[in-house]
Amino acid sequence: MAPVDEQLSVLMWGTDFGDASTRQTMERELAELLEQDRPLRVYCGYDPTDVDLHIGHTITFRKLRQFQSFGHDVTFLIGNFTGLVGDPSDKDRTRPMLSPDQLAANSQTYAAQAFRILDPERTTVVHNADWLGKLSFAEVIALSSKFTVAQFLERDNFQLRWQRHEAIHLSEFMYALMQAYDAVEMETDVQIGGTDQLFNLLAGRTLQREAGQRPQVVITTPLLVGTDGTQKMSKSLGNFVAVNDVPNDMYGKVMSVPDSALDEYFTLLTDLNESEVRAVLDAVDAGEMPPMDAKKRLALEVTRSMYPDGEAEAAQSYFESTIQRSETPDEMEQFVLPSDGAEDSGRRLDRVLVAAGVAASGGEVRRLVKQGAVSINGTRTDDFATELQAGDEIKVGRHRFLRVVAAGSA
RNA sequence: GCAGGGGUGGGAGAGUGGUUAAUUCCAGCGGACUGUAAAUCCGCCGCCUAACGGCUACGCAGGUUCGAAUCCUGCCCCCUGCACCA
């Protein structure tokens, strides 16, 4: 295995423990584990609460992969049981509980998205319902006796809700317990998580100690700031870049991030190492590299880390031509016109845009046209009822394109 | 058990009989501008309709009224406090 120093410097980079002493403790314990010169059991859990992960989730994927690259054993845990309760950590109110069906459906897409980053050959996927679902009431009570209510109420999010006289469900207290028990069940050496998970991860140490195990090292990574550059990235805020975004979207969304987030994004979302990141940022600070170029490099690297060779470069070309130079892309979505014999209205602009999913309703098309958003073959149109011809290229807004084609020629 | 508060458009949250398709904010969309899909500014933002106009909508079901998100009745759901815990 690689020297301990080398592993330590990579593994501790891009982490955030909230306070210095926790960091020191964890760094020291991690060093001790690494000294044992054996594959460590590392895991990170994900609750399948939503179908789409965003690139903030890839921060932990990348950390896990760093462990993989050093030869450690990585477990990708799908929280199909914890997801039933809903993690209160990053919320100031109760999360809706999900049905088992929803969880099952979501679970399936999770691993696939994670393997954009992780090496599937060296990743074990487990589901915590396999053991959490089997605990008896008595066992749960035994676990809960290891913690006090005060410890939970001390957490910021609970305290806030308490002060605002908002509901805190008992089940929400159980969340940390369940996650902590995962660590006991798997006898893990290291657990990765976002900084919002620190409490839950540390609870794992408590239970492990009680169970006679060596407490796991916990490594927490920062929560990614969203594309607005200020608030935490989250789907509900709409400031996210999805793991499943196509390369063009991924590249473009990263380009919309403010310059102030360059450091964070480079550090947390690319494969560049510490000195490479420094080099780029220093060049920008010194005025040797325009921020625009640095951000393009960022968008390229982020996209490249998740897509096969060439896709990121293609996305960059698309961005430069379509967005920066406002050119019409070579490839665009196609819409097959109804055949000539059909009802005449099917070829109308408004009908076509609704049928193609570009607009939600006829009223929206009328609005778009009225606002000057729709061009046909490069010319703005003010008639939403125009009959379209095969071969027409329609542009809606700044970056939505549609080519209509005759039936049978798609 | 007792007392109180509340369920409104994707989200938050106004509105207590007509002037309310419903203030405002966020998200979304469009335009202008720009190194950017950023920021900023302006505009739009239920569905159908070429248009006139029509339809649907404020937890559910009824009712009062010329007219209800707004009043009444019943029901469902949510929250908070107190009490209980000897």
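Atom set for the values below is all heavy atoms of this structure, side chains included, hydrogens, waters and symmetry mates excluded. What you see is a predicted model, and the numbers here were worked out from it, not measured in a lab. To find a chain, count down the sequence lines: A is the first, B the second, and so on, and within it residues start at 1.
In this structure, of B/C45, B/A50, B/A37, it is B/C45 that holds the atom nearest to the side chain of A/R367.
Under 4.0 angstrom from either OP1 or OP2 of B/A50 there lies at least one side-chain N or O belonging to A/R348.
If you take CZ of A/R398 and P of B/G28, they are 15 Å apart, rounded to a whole angstrom. Here the P atom of nucleotide B/A50 and the CG atom of A/D382 are 16 Å apart, to the nearest Å. Rounded to a whole Å, the CZ atom of A/R351 is 10 Å from the C1' atom of B/A50.
Judged by closest nucleotide on RNA chain B, A/Q324 is the one of A/Q324 and A/S361 placed further toward the 5' end. Each of A/D259 and A/A373 lies near RNA chain B, and the nucleotide nearest A/A373 is the one positioned closer to the 5' end.
Using a cutoff of 4.0 Å between basic side-chain nitrogens and carboxylate oxygens, A/K134 and A/E139 are not scored as salt-bridged. Remark: A/E301 engages A/R297 in a salt bridge, criterion side-chain N to carboxylate O under 4.0 Å.
The closest side-chain heavy-atom distance from A/V243 to A/M306 is below 4.5 Å.
B/U80 is paired with B/A3 under the Watson-Crick or G-U wobble criterion, all donor-acceptor distances under 3.5 Å.
Aromatic pair A/Y110/A/Y46: centroids not less than 6.0 angstrom apart.
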